[in-house]
Amino acid sequence: MKTRDKILLSSLELFNERGERNVTTNHIAAHLAISPGNLYYHFRNKSDIIYEIFLEYEKLVDYYLDIPEDRAMTLDDMTFYLESVFDGLWSYRFFHRDLEYLLDSDSRLRQDYREFTNRCLTAISRIFERLSEAGIVEEQPDDLRAAMSLNVWLVITNWMAFLKTAHAEETYAELTLTELKQGIYQVLTLEIPYLTPAYRDRVMALRENYRPSLPERTEAGILV
């Protein structure tokens, strides 16, 4: 593997484990047992590393949300989209943990993320449209479908922040993939009012596979 690719992979690993703001270029170089000068030969600074990592994440999600146009959509397709998007969220979880800070720190990233969001919203809307054509959800007017798509996007991109605050995690390593994928339960919940009778029971059964196990409450109502 080329040194440049090793830097990106190691940076992603460290950012996910420790949080981006807790990792410096010196940490990355030490992790790889290379000199800081060698790292700077490939990347001018940490912002460039983060931007390149985002481009890889962007390509991955675009691939996941590629919609087949030559056949009817199925529940398996819907499950694949949700599982894949949350898998991508897990693999690049540092990004959504520190999203606002990262976007404020890099104008390139801010512009690209805006375009990325718009593409994702368009893809989600198209998925709802295809689910309607397949008879899985009821047909919706364009404005309602756009609102549904935005709500799905908000759940996906903010679920990690909710887990962080609800569970009061002290370290970046405490979040699990299982907990993250429990966000799929919330996405499927948004679809319940629009499911057709023929698919309602099947989607409800699928939804149960992701039911969240949220923190218990004490008698005083405090999360424990």
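- Closest non-hydrogen pair, Ser11 versus Ile53, comes out as CB-CD1, 4.0 Å.
- The shortest distance between side-chain heavy atoms of Leu175 and Trp90 falls below 4.5 Å.
- If you look at Phe128 and Tyr194, their ring centroids are not closer than 6.0 Å.
- Using a cut-off of 4.0 Å between Lys/Arg side-chain N and Asp/Glu carboxylate O, Lys59 and Asp62 are scored as not salt-bridged.
- Considering all non-hydrogen atoms of both residues, Ile136 and Thr74 come closest at CD1-C, 3.9 Å.
- Shown here for Asp106 and Ser47, the closest heavy-atom pair between the two residues is OD2-O, 3.9 Å.
- Taking the side chain as every heavy atom from C-beta outward, Lys6 and His42 never approach each other to under 4.5 Å.
- Leu9 has its side chain within reach of Met1: a pair of non-hydrogen atoms, C-beta onward, lies under 4.5 Å apart.
- With contacts defined as side-chain heavy-atom distances shorter than 4.5 Å, the pair Leu206/Met78 qualifies.
- In this structure, Phe86 has its ring center at least 6.0 angstrom away from the ring center of Tyr210.
- No donor-acceptor pair under 3.5 Å is formed between the side chain of Ser84 and the backbone N or O of Tyr81.
- Arg108 forms a cation-pi arrangement with Tyr51, by the criterion of a distance under 6.0 Å to the ring centre and an angle within 45° of the ring axis.
- Under a 4.0 Å N-O distance rule, the pair Lys164/Glu179 does not qualify as a salt bridge.
- Each of Leu60, Leu55, Val61 was compared with Glu58 under the side-chain contact (heavy atoms from CB on, under 4.5 Å) criterion, and only Leu55 meets it.
- The 12-atom threshold is exceeded at CZ of Arg119, counting heavy atoms of other residues, nucleotides or ligands nearer than 6.0 Å.
- Electrostatic pairing of Glu20 and Lys46 counts as a salt bridge here, judged by a charged N lying under 4.0 Å from a carboxylate O.
- Ion pairing of Arg145 with Glu139 is absent here, as no side-chain N (NZ or NE/NH1/NH2) approaches a carboxylate O to less than 4.0 Å.
- Side chain of Arg97 to backbone of Phe15: no donor-acceptor contact under 3.5 angstrom is found.
- In this structure, Met160 and Leu89 have side chains that are in contact, with non-hydrogen atoms separated by less than 4.5 Å.
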